[in-house]
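To start, the structure itself, in structure tokens.
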Amino acid sequence: MSNKDIRKVTTHISQNEGLIFEHSSPGKKAYRLRELDVPEVNSADELGAALRQESAALPEVSEIEIIRHFTRLSTWNYAVDHGMYPLGSCTMKYNPRVNEVVARLDGIAGAHPYQSEQISQGALRIMKALADQLIEITGMDAITLQPAAGAHGELTGILLMRAYLESKGNARKKVLIPDSAHGTNPATAAMVGYEVENLRSNENGMVDLAALEAQMNEDVAGLMLTNPNTLGIFEQQIAQIAEILHRRGGLLYMDGANMNALVAKARPGDFGVDVMHLNLHKTFSTPHGGGGPGSGPVACKKHLEPFLPKPIVVESAEGKLRLDYDRPQSIGRVRAFFGNFGMHVRALAYIMANGPDGLRQTTEDAVLNANYLRKKLEGTFDLQYATPTMHEVVFSDKLQTKLGIKTGDIAKRLIDYGFHPYTVSFPMVVHGALMIEPTESEPLEELDLFVDAMKSIAQEAIDSPELIKDAPQSTRLSRLDETAAARKPILRWSANGQK
Amino acid sequence: MSNKDIRKVTTHISQNEGLIFEHSSPGKKAYRLRELDVPEVNSADELGAALRQESAALPEVSEIEIIRHFTRLSTWNYAVDHGMYPLGSCTMKYNPRVNEVVARLDGIAGAHPYQSEQISQGALRIMKALADQLIEITGMDAITLQPAAGAHGELTGILLMRAYLESKGNARKKVLIPDSAHGTNPATAAMVGYEVENLRSNENGMVDLAALEAQMNEDVAGLMLTNPNTLGIFEQQIAQIAEILHRRGGLLYMDGANMNALVAKARPGDFGVDVMHLNLHKTFSTPHGGGGPGSGPVACKKHLEPFLPKPIVVESAEGKLRLDYDRPQSIGRVRAFFGNFGMHVRALAYIMANGPDGLRQTTEDAVLNANYLRKKLEGTFDLQYATPTMHEVVFSDKLQTKLGIKTGDIAKRLIDYGFHPYTVSFPMVVHGALMIEPTESEPLEELDLFVDAMKSIAQEAIDSPELIKDAPQSTRLSRLDETAAARKPILRWSANGQK
Amino acid sequence: MRYLPKSPAEREHMLREIGVGSIDELFAPIPAQFRLTRDLSIPRQMAESEIVDWFRARAAENGSGYDILLGAGAYNHYRPVVIDSLISRGEWFTAYTPYQPEIAQGTLQAIFEFQTMVCELTGMEVANASMYDGSTGAAEAVMMAIRITGRNSAIIARSVHPEYREVIATYAKYQGLPLTEVAFTDNGRVDLAALDAAITPQTACVLIQSPNFFGTIEDVAAIAEVVHAKGALLVVSIAEALSLGIVRPPSEADIVSLEAQSFGVPLSYGGPYAGVIATREKFVRQIPGRLVGQTTDRNGKRGFVLTLSTREQHIRREKATSNICTNQALIALMANIYMDVYGRDGIKELAMQNLAKAAYARKALGAKAKVLFDGAPRFNEFVLQTEEDSYEISHRLAAKNRIIGGFPLRKFYPELGNAAVWCATELTSRAAIDAAANEVNPAAGSNALPAEAPAAAISEVK
Amino acid sequence: MRYLPKSPAEREHMLREIGVGSIDELFAPIPAQFRLTRDLSIPRQMAESEIVDWFRARAAENGSGYDILLGAGAYNHYRPVVIDSLISRGEWFTAYTPYQPEIAQGTLQAIFEFQTMVCELTGMEVANASMYDGSTGAAEAVMMAIRITGRNSAIIARSVHPEYREVIATYAKYQGLPLTEVAFTDNGRVDLAALDAAITPQTACVLIQSPNFFGTIEDVAAIAEVVHAKGALLVVSIAEALSLGIVRPPSEADIVSLEAQSFGVPLSYGGPYAGVIATREKFVRQIPGRLVGQTTDRNGKRGFVLTLSTREQHIRREKATSNICTNQALIALMANIYMDVYGRDGIKELAMQNLAKAAYARKALGAKAKVLFDGAPRFNEFVLQTEEDSYEISHRLAAKNRIIGGFPLRKFYPELGNAAVWCATELTSRAAIDAAANEVNPAAGSNALPAEAPAAAISEVK
Ligand SMILES: Cc1ncc(COP(=O)(O)O)c(C=O)c1O
Ligand SMILES: Cc1ncc(COP(=O)(O)O)c(C=O)c1O
């Protein structure tokens, strides 16, 4: 194995660790309860037939074993804290530590969602402040913080569209979705009872206006558009797109997953968007957590406001905040309580840390980083669209496929080079996509290492393709058999099972 | 490299990382100051000639670079949280997380050492509670929490001895120290102006009573004894030892580094010790922190109490606490303020979590673990003394030296097997010592892996000694050249220097 | 800006390399009229210490240190400190969904463990990685039942958390899925006869909650019998996961939707929490969300991967089982750690303590006002009916005793009059319960419950 | 016990393997009469939540949220949150001294960086890994000077922190090292003439502090000239490390002993803090404590190791440069991170803010009482002489304004009458200073300082 060009990583010892169940032994404990200050009760008397007969076979371990277990496991993960994590569309930016601190303050982390408004003014103020600032950032008129993630925001947004159209007398049947869209878009439309109609891209990787004109009609509720789209391309004809939709009574939904390209530089509310969601876990720095929690606020224009989920935080003249449930046209709730409040706290802390100038510089750096990578890597990798891109760039594996190397292989080889791979094979409009989003959080040094790694892999594709096909070779485990996993799924551990 | 027997670790990618200075670029920042709410001043006017002309060349980096830097660096360290850390004499036990939480509570971490006693009652209570409980645990009469570590405790303790003897009219000239003692013991005696006289061990690895009788005289201030000693052996003739010393007006100092073998099972105050130190960072679970902070309280008998450093926390009849500085015979201060208070907090939390039964079980498990290892490894490694051992066991490399393999080599090979090595070449009374202290924190599973690793290495010494001499091979760096480091020391980074 | 790792010189260098004269050129694709030429009107950049101060001030407005006698879907349990200590490692919280298993085995193995524990607790055979929360999980469970059965309506017990019911209604409304409600009886349980009558051949599922919103434990077996007899599925929603430590698991259910908040997740004014859906193996291909499965690498070593992803939106798009993508992984990790801390015995003992506290509270408050729904077992909640308005009582308790009282039911169950659902957990002190008892009906005089067990003697450390 | 990873069955198994019948047999080496046969009389085992509650109660007794106008060797600076976030990784805080460099490069590299930064700040050529604190560091520096010069007495300025002087005295007393004190003049600085007179051929070193205990910055160059002229060494102790951001480094010193507490270390009622000794390269073999040096591995890769350990106790035993073993590594790591956060410009700007706050405070309080030692520059502390007893003022301030006032000097400097040393840092608000000014001499009426600069408008986030 010739890894002389690998400058970013070295191999080092890494602890093995079994499943936590495999450490269990009867009588080990990691807890001690307080002494009971009330009389004990007889559980059989209390519960009768509802008494549990057999204890759940949870592991029996001590505290140090728990610490070691999750410490060891953690060291097997790659993370933003380790280095560049250029998953396109995911905006893997730095997660500021002060966010974590303020979200854990007693009066914040310990607040019960049903405690009275009198003693919830702090929580309500946080939600109100965040709502106000997100409205200013998006240029929209109103917002709900209730959705728990991007897809949940989409659901909420399309429900708003539907409710609005119904109030106009016709919910319509279809939603148009570009072929470059994220899978959550069609899945969402379907959940709201809409048929999905594909809208093709033009040769510049943008919405094909003629196709849109042709497909837009009274059956179409609207268009779900990501802008910049998943190719990283700003839809330059956004005004015309909105106009076509609006002219025929449709609405423009914007998937705001890519707002990291726009914050403080352009506002969807200014370019015709009716309703959109934000991903606080992308643009606003709340951590991805290995797959959540996120938060997907939905902002809309005045005409959709009556339909927002309830409750909404409102402020009295004297500055007292309360929850307004009296919203007769509301689509109802999309989640119990008020959404992922802890993420609201973090997103607000991020906005406060940045201010207007910081947010602008952030967006500029995100776009700068992506364009730097594009410039350095074009030629080495095929660029399907010549159109300028914003915060991410999508290459194709066209040049490498000829050598038998696919985007997924290159991704695995990047692991050996010390990077988390880009997003693989998405968007589907690009052949074997390599979707790269560095975000603003990458130093020049890290970008240059990435460029070197990618170029080096491209060279390996020519010189020693087997290196790539056997990648990764420097990890604890080699490539995993996903087919076998799906063929005969083993989804839980069992004592007398597999080891 | 035949590593088939290595079950505890695998290699995995590990991020490279330069010195923080190597990331510096002018204008990068990780801070933002508050706006000044008072008039700015002209620093030249304020400071005149005292104004600094050239800024200190501290690195200029952003917050994410700091997070990545110290995260990456951290992953190069082995730690208790990774696995067994059997450094003999160091008591690398579990560091409970609740200790860290309570030490960081605002009113505790934010307390100024000179705030008035009225608003320091909580801090004083913590010190008083810890003092009381350590007195009960040691069986001594009085204590100071001021010393910052074990060696600092030794210094304090020997100063107490000296002050006491001086008060009796003769400070005496020498301190006896067994050949098995830790280096801090003689270094300490020297710092207090005593000559060090070596006391040899008998064939059982204990103090040679006859030698003690012979060496003890009116010139000898006392004996610094570690008990159990650094061989893990309890000095069975401790009563006689104390008697010999006391009979001739000397004092018995106990180095309490090995109290993990005794807590709740035997008390130094009961077996004749006059003064001793504790290592809160060993026995009482405060973290070692990569080399401190520790805390080294010194407990003593009544006759030494007047000489303790000042201040001492005292309690009034109404339960109000205050600092007593009025101690005319005190040796004075050994440290500003009140010692490593944050470590007092942690040690107290540990004692509270354990209670009498927990502490006893802890000690029993520590001794059980060490004896289990001894049993499993004797035969494979040479045991210089047949005497039973307590919380640690010291083998020698006698069997392996014949094959050209030394304790230091075995230690390096253990790293490949996924363990932190034992303490190498100490105590000096054992030829090529392998000093192993598992502590109570090791599960049986981890002990068995250690035994297998040690046996496997012993076999390698026979079959393939080069494996051992080239170890470690699975780490980021191979063996480091310590000779070169000392020959031409490079003790700081410089911009136009070495890279 | 302190998070940005670039110096001015580096920015200049990069622009030169790209071949543009200024950063503005990179924003040229945005039509000029849409480019923002002013500062956003948001607060200026703040120092870290200012941010901390601002949130501390908000936290203080929320008031902390109250005794909480309120549950209603969000439970105040002690959170072992190891949870935050562990999840604060960047390797956990700054990683993405484990798409690249070779460098995400930590997350994958942890989810696999979580799935196992949820199966153990609920008596189900498979569980997913997580859903947003209990309310959306319940809605997704209903949709799952619809997919499985091919039927298109659902019955929801009126004793299910009202906000869960609202969420289900929102999800169902625009998909043309009729929902009907089934009532509860005098003992707070689902009215079996009414249920039997309500199920039609179009009923895909019946969704109940146990312990239900009143704290009453449903007779799951009996309900299952009725439901299954009509070919419908039974979905059991569980908002108080800790109940499973001592309460019979709903093994007769077809789908269980669990809210895991009780397992070490901060109340955090309602979120983030974590839902999870568990079901029978035969339904696994209809489950929404992520699933982690065991497999091997090329050398035969055990490893874990995301699996059965053909159910999911990124593969199946509009035909996916759900649109869910980001879920609540880090919260599921908290729950995993929590279950490890308590383990087999601890979870039971802890549940026993909740049972005892709630029994005491029921007696203490019941001596002053009327406890509803006697006649069926409860876990750590119960309903108290008072003369006085429930909100008044809560306000008085908060102001006078720094106690957060029960959840007033009037808004959702006007038929119950002045009633509220109260909760006692292991963190509820006897003193707080006694104080609350004295306030729920001051006219009745001071609490007269005999002190059967003396307050446990917590050794004074001094 | 929840920290112990053994089940009863495992303990039995191990005893069997060892070949003993019971655990007691393993304790047989302890003579029977010394074996404890009772429980220790300490509080019973407590639940984690009880421990947290107990310490919260203690924390509350200490009172938090006070404005601190007190320094005197322990400074209240803002601690960037990344510090605790990073040092809380087990890899940092649960590791030992880096004896095995191949698995301790993290700790070693961090110390190497710390040594470099300390050199940069102090103007010295080498620095060690850390000492216990500033007071013991000062004592060790004196002993180091004695070893270097072969002389055996030392002169300590009276303006050095009184507790540091006490520590030095304790260290020196029993080694027969005579110490003498040198006075300060009207401007608070060392009396140069007196110093010149005091130095004898047996004077190994002169130890001063700058800024000294009164906050006054010494004229290090002038002092160095006097000291060096007599062949003695100059040791400079620095208790307020942040001063180095704006104050000329003591480059003329031979040894600098720095207390690094200001650099991100919590006040924590006096410790743990971290001292560090820096000196010239030629004296490196006399430095106490750990040193990390750069080297290479067998493949020529850069790495770091503990070095020059022949100075240390574990090799040199009674001939070692010091008995120090465990030092304050984790605290030095905090300081390293702190210096990275502020960096070249930040440390200066932050020092400027301290300068401005203290200047304001000096004016505000000076309008009501007498500021001593005018005529020499100060950093963030100054001495205020009042009519009223300093303790009375402090008590009133604490009770009435939740302000912690200056350190009363009477105990150590009776000659100064009712004087106290006050401190203002970047965390001291103008409002607190104004409030304090109004209290130091209530008779003088309300503060009349004109509001030259308006209080900075912190954007209201609402
Ligand atoms: C373009 C786009 N839309 C929607 C989503 C879904 O967001 P979430 O994962 O928060 O549900 C994603 C997430 O990756 C996305 O990239
Ligand atoms: C036996 C013994 N004595 C003394 C010490 C010194 O303790 P410290 O490092 O806390 O100064 C040690 C530390 O390793 C030791 O093992």
Side-chain angles (χ1 to χ4, degrees), chain A residues 30-31 35 37-39 41 47 50 56 58 60 70 73-74 76-81 102 105-107 109 111 113 119 121-123 148-149 151 183 186-188 190 193 196 234 271 287 289-294 332-333 336-337 340-342 352 355-356 358 443 475 477-478 485 490 492-493, chain C residues 1 5 29 34 39-40 44-45 55 58-59 61-64 86 90-91 93-95 97 102-103 105-107 116 120-121 132 135 163 166 170 175 217 266 268-272 293-295 297-298 303 307 313-314 317-318 320 323 326-330 341 343 346 356 360 377 430 453 456:
Chain A
Y31 71 96
E35 271 158 46
D37 64 355
V38 299
V41 292
L47 297 176
L58 300 180
E60 297 179 74
F70 290 101
L73 257 56
S74 77
W76 306 347
N77 279 356
Y78 188 93
V80 171
D81 284 8
V102 296
L105 291 172
D106 282 344
I119 56 171
Q121 290 295 304
T188 298
V196 171
F234 190 91
F271 55 66
R333 279 190 169 277
F337 312 122
N340 281 346
F341 175 73
M352 288 163 72
T475 46
L477 299 177
S478 57
I490 303 173
R492 55 155 297 174
W493 178 83
Chain C
M1 206 283 127
F34 301 136
D39 272 1
L40 285 170
R44 65 149 177 82
Q45 217 177 110
F55 281 99
R58 301 294 78 69
E61 288 167 9
N62 275 356
S64 63
L86 286 166
E91 286 87 345
F93 83 98
T94 79
T97 302
E102 297 86 356
I103 44 174
Q105 282 298 304
T107 298
T116 305
E120 280 297 332
L121 276 171
Y132 302 136
S135 70
E163 293 194 3
E166 289 180 11
T170 307
Q175 298 188 58
I217 301 165
S268 193
Y269 208 60
Q294 181 178 316
T295 187
D297 79 349
R298 290 183 176 179
T307 193
Q313 46 73 27
H314 60 285
R317 301 183 74 88
E318 62 269 26
N323 69 340
T326 292
N327 45 97
Q328 305 283 126
L330 199 72
V341 167
Y360 179 83
R430 179 187 185 131

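Predicted model, so just to flag it, every value in this text is computed and none were measured. Heavy atoms only: backbone and side chains are in, while hydrogens, waters and symmetry mates are out.
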Quick one: of [options], who has the most non-hydrogen atom pairs under 4.5 Å with chain A?
{"options": "C/A356, C/P272, C/P377, C/P266", "result": "C/P272"}
{"options": "C/G90, C/G271, C/S135, C/G63", "result": "C/G271"}
{"options": "C/T97, C/T307, C/I103", "result": "C/I103"}
{"options": "C/S64, C/A320, C/S268", "result": "C/S268"}
{"options": "C/I217, C/N323, C/N327", "result": "C/N323"}
{"options": "C/L330, C/D297, C/V341", "result": "C/D297"}

Measure across [X] and [Y] and return the closest heavy-atom pair with its distance rounded to 0.1 Å.
{"X": "C/G346", "Y": "A/Y31", "result": "CA-CZ, 3.3 Å"}
{"X": "A/D81", "Y": "C/T94", "result": "N-OG1, 3.2 Å"}
{"X": "A/A190", "Y": "C/E318", "result": "CB-O, 3.4 Å"}
{"X": "A/G358", "Y": "C/Q45", "result": "N-NE2, 3.7 Å"}
{"X": "A/A151", "Y": "C/Y132", "result": "CB-OH, 3.7 Å"}
{"X": "A/P293", "Y": "C/T326", "result": "C-CG2, 4.4 Å"}

Quick one: which of [options] has the most heavy-atom pairs under 4.5 Å with chain C, could you say?
{"options": "A/A30, A/S74, A/A50, A/P443", "value": "A/S74"}
{"options": "A/G290, A/A149, A/G355, A/A187", "value": "A/G290"}
{"options": "A/P356, A/A485, A/G107", "value": "A/P356"}
{"options": "A/L58, A/V80, A/V102", "value": "A/L58"}
{"options": "A/A56, A/G289, A/G193, A/A148", "value": "A/G289"}
{"options": "A/G291, A/G332, A/A123, A/G294", "value": "A/G291"}

Does the [X] side chain pair with the main chain of [Y], one donor and one acceptor, at a distance under 3.5 Å?
{"X": "C/N62", "Y": "A/G122", "answer": "yes"}
{"X": "A/R333", "Y": "C/E163", "answer": "no"}
{"X": "A/N77", "Y": "C/E91", "answer": "yes"}

Which region of C/L86, side chain (C-beta onward) or backbone (N, CA, C, O), has a non-hydrogen atom less than 4.5 Å from a non-hydrogen atom of chain A, or is it both or neither?
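Side chain of C/L86 only, per the 4.5 Å heavy-atom cut-off to chain A.
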Once rounded to the nearest 0.5 Å, what's the spacing between atom [atom1] of [X] and atom [atom2] of [Y]?
{"X": "C/R298", "Y": "A/S478", "atom1": "CZ", "atom2": "OG", "value": "6.5 Å"}
{"X": "C/E120", "Y": "A/W493", "atom1": "CD", "atom2": "CH2", "value": "8.5 Å"}
{"X": "C/E61", "Y": "A/I119", "atom1": "CD", "atom2": "CD1", "value": "12.5 Å"}
{"X": "C/Q313", "Y": "A/T188", "atom1": "CD", "atom2": "OG1", "value": "8.0 Å"}
{"X": "C/T295", "Y": "A/I490", "atom1": "OG1", "atom2": "CD1", "value": "8.0 Å"}

A/L47 versus chain C, heavy atoms under 4.5 Å apart: side chain, backbone, both or neither?
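For A/L47, heavy atoms of backbone and side chain both lie under 4.5 Å from chain C.
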Would you say the side chain of C/E102 lies within less than 4.5 Å of the side chain of A/W76, judging by non-hydrogen atoms?
no
Would A/N340 and C/Q328 count as a side-chain contact (heavy atoms from CB on, under 4.5 Å) if you check the C-alpha gap in whole Å, the side-chain angles of each, and the deciding distance to 0.1 Å?
CA-CA 10 Å; A/N340 281 346; C/Q328 305 283 126; 3.2 Å; yes
